[in-house]
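Everything below concerns the one structure shown next.
The basis for the numbers below is simple: all heavy atoms, side chains too, and nothing from hydrogens, waters or symmetry mates. Owing to the predicted nature of the structure, the values given are computational and were not obtained by experimental measurement. One-based numbering along the sequence shown.
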Amino acid sequence: MSVQKSVLVVCLNPTFQMTMVYPTIRKNEVNRTANYFISPSGKGVNVARVLTQLGRRAKVLTHVGGNRIEEFRIMCAAEHIALCDFLEVSPIRTCTTLVDEGDHTSTEMVEEPKPVSSLASGKAMDLFRKEIPNHQALVITGTKAKGYDEELYPMMVAEARKQGKLIVLDLKGEDLKRALPYQPTVIKPNLSELVSTFSEGLFVSEQKENRNFLPFVEEKSKEFFARYRTCLVVSRGKYPSWVFNGEKLVEIPGDKIMRPVVNTIGCGDALTAGMTHRLLDGDTLEDSVRYGMHCALKNAMSFRHGLG
């Protein structure tokens, strides 16, 4: 019997996620709610959660620190999210999502992480080298905490490439630029992240369709594939995704919305998870993205992160 292919998810920026749901939010007023909950999060945990819910084995490589480490581990275990963690001086942060049911919006209040120690990069790489042989795919996602070496993610991608792993990067900025030469299989920034990384000074609103950026995305997708044999997937929220399949850039619409969207936080992570899951099953990139978008929509229709 063949062993199921598994995924190592690297995200060096864990968080507790407080979600608070209000019938409506009034600015400059006291807003009260009894509908709130806290869950383990960070982009890596979100990706692993959806992979686990899909029946895929996954493990999150991250640091933990502060006085709530055991709480974080227990909460992950309760959702069957496997961790391989190491201790650091940077405490696990808390971010807050404010959901307004009245206008169907979710606002993310982000707490920036404290820096890690000078030993953190070595700890992360040692644990990575121990873990990566046990997995068939690598996902690196999210902005890492300050203090990590700028070459850490490129080294991880290079090692995974040497071992023949499927490599999916949901990164932006210098982390993405430095990792690209090591030939990840797929990169999946959203449109705003892609433009800010490769066209400095331009701003893209994530609430607009922005079809005027299509020529820019097409040019970049061809460049990445020609230079690195890397396929580009650009998510655009509620709008169709743009996917370079190795030959051309195609547009993939999402599923029809069957019930109200209530919380869009974590949708990009659900897309990454669903796409990676299907790529490991041997599906085409287009079909894998289509399934990832289905997972993202299910996430959006649930107050809690994941598939509901």
Side-chain angles (χ1 to χ4, degrees), residues 9 11-53 60 62 64 66 68 71-76 78-79 81 90-114 141-145 170 172 188-193 204-208 235-239 254 257 259-274 292-293 295-308:
V9 185
C11 181
L12 301 174
N13 206 349
T15 183
F16 290 100
Q17 190 76 35
M18 171 65 80
T19 301
M20 308 184 74
V21 182
Y22 298 86
T24 187
I25 296 176
R26 298 179 178 87
K27 291 184 178 180
N28 246 6
E29 300 287 347
V30 175
N31 292 268
R32 301 180 186 275
T33 181
N35 187 2
Y36 60 89
F37 54 90
I38 192 164
S39 55
S41 190
K43 293 179 70 64
V45 169
N46 293 342
V47 170
R49 173 184 289 111
V50 173
L51 285 167
T52 300
Q53 290 172 344
V60 183
T62 189
V64 291
R68 300 177 68 187
E71 180 185 0
F72 187 79
R73 288 171 173 165
I74 290 169
M75 293 176 77
C76 285
E79 294 193 58
I81 299 169
S90 178
I92 302 170
R93 63 206 172 112
T94 299
C95 296
T96 304
T97 301
L98 304 178
V99 177
D100 188 325
E101 293 185 284
D103 60 10
H104 303 291
T105 60
S106 45
T107 302
E108 183 78 343
M109 314 298 286
V110 176
E111 178 185 314
E112 292 293 342
K114 301 294 184 183
T141 181
T143 303
K144 60 186 186 294
D170 187 357
K172 62 181 179 179
K188 192 214 74 67
N190 64 35
L191 182 59
S192 175
E193 292 166 340
V204 175
S205 169
E206 296 182 25
Q207 305 304 317
K208 297 181 179 179
S235 59
R236 300 192 300 134
K238 64 182 179 181
Y239 299 106
I257 298 176
R259 62 180 190 269
V261 168
V262 295
N263 187 358
T264 58
I265 306 302
C267 285
D269 305 324
L271 196 164
T272 298
M293 293 176 70
C295 294
L297 183 57
K298 291 188 74 172
N299 181 93
M301 294 187 296
S302 170
F303 285 121
R304 293 183 179 272
H305 297 323
L307 303 181

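Residues T33 and N35 bring no donor and acceptor atom of their side chains to less than 3.5 Å of each other. Side-chain contact of T264 with S106: a donor-acceptor pair under 3.5 Å is present, judged by distance alone.
Across all non-hydrogen atoms, the minimal contact from V60 to V45 is CG2-CA, 4.2 Å. When all heavy atoms of N46 and G266 are compared, the pair lying nearest together is ND2-CA, 4.3 Å. Across all their heavy atoms, C267 and A300 have their closest contact at SG-CB, 3.5 Å. Between S41 and H305, the closest heavy-atom pair is OG-CD2, 3.9 Å. F72 and P40 make their closest contact through CE1-CB, 3.8 Å (heavy atoms, listed as atom of the first residue, atom of the second, distance). Of all the heavy atoms in K188 and D170, the pair that sits closest is O-OD1, 2.9 Å.
Looking at T19 and F37, their side chains come closer than 4.5 Å, going by heavy atoms from C-beta outward. Side-chain contact check for E108 versus Q17: some heavy-atom pair is nearer than 4.5 Å. Side chains of F303 and E101 form a contact here, defined as non-hydrogen atoms less than 4.5 Å apart. T97 has its side chain out of reach of T107: every pair of non-hydrogen atoms, C-beta onward, lies at least 4.5 Å apart. At a threshold of 4.5 Å between non-hydrogen side-chain atoms, the residues L98 and N31 do not count as touching. A 4.5 Å side-chain heavy-atom check between T62 and C11 finds every atom pair outside the cut-off.
Here the NZ atom belonging to K298 is positioned 5.5 Å from the CG atom belonging to L307, to the nearest 0.5 angstrom. Remark: R68 CZ to M75 CE distance equals 7.5 Å, nearest 0.5 Å. E29 CD to T24 OG1: the interatomic distance, rounded to the nearest 0.5 Å, is 11.0 Å. Within the model, atoms CG of L297 and OG of S302 stand 11.5 Å from one another, a figure rounded to the nearest 0.5 Å. With rounding to the nearest 0.5 angstrom, the NZ atom of K144 is 8.0 Å from the CG atom of L12. Here the CG-CE distance, from D100 to M20, works out to 13.0 Å after rounding to the nearest 0.5 Å.
Side-chain atoms of R93 come within 3.5 Å of backbone N or O of N13 as a donor-acceptor pair. Looking at S90, its side chain does come within 3.5 Å of a backbone N or O of K114 through a donor-acceptor pair. N299 places a side-chain N or O within donor-acceptor distance of the main-chain N or O of I265, the cut-off being under 3.5 Å.
Remark: E112 pairs with no residue by the salt bridge (charged side-chain N to carboxylate O under 4.0 Å, His left out) rule, at least two apart or across chains.
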- Task: Could you walk me through whether S235 and N190 pass side-chain hydrogen bond (donor to acceptor under 3.5 Å, both in side chains), step by step?
- Result: CA-CA 5 Å; S235 59; N190 64 35; 5.2 Å; no
- Task: Apply side-chain hydrogen bond (donor to acceptor under 3.5 Å, both in side chains) to E79 and T52, showing your working.
- Result: CA-CA 9 Å; E79 294 193 58; T52 300; over 6 Å; no
- Query: Under the side-chain hydrogen bond (donor to acceptor under 3.5 Å, both in side chains) criterion, do R304 and N263 qualify, and how do the steps go?
  - Reply: CA-CA 8 Å; R304 293 183 179 272; N263 187 358; over 6 Å; no
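The environment of Y36 atom OH is sparse: at most 12 non-hydrogen atoms of other residues, nucleotides or ligands sit within 6.0 angstrom.
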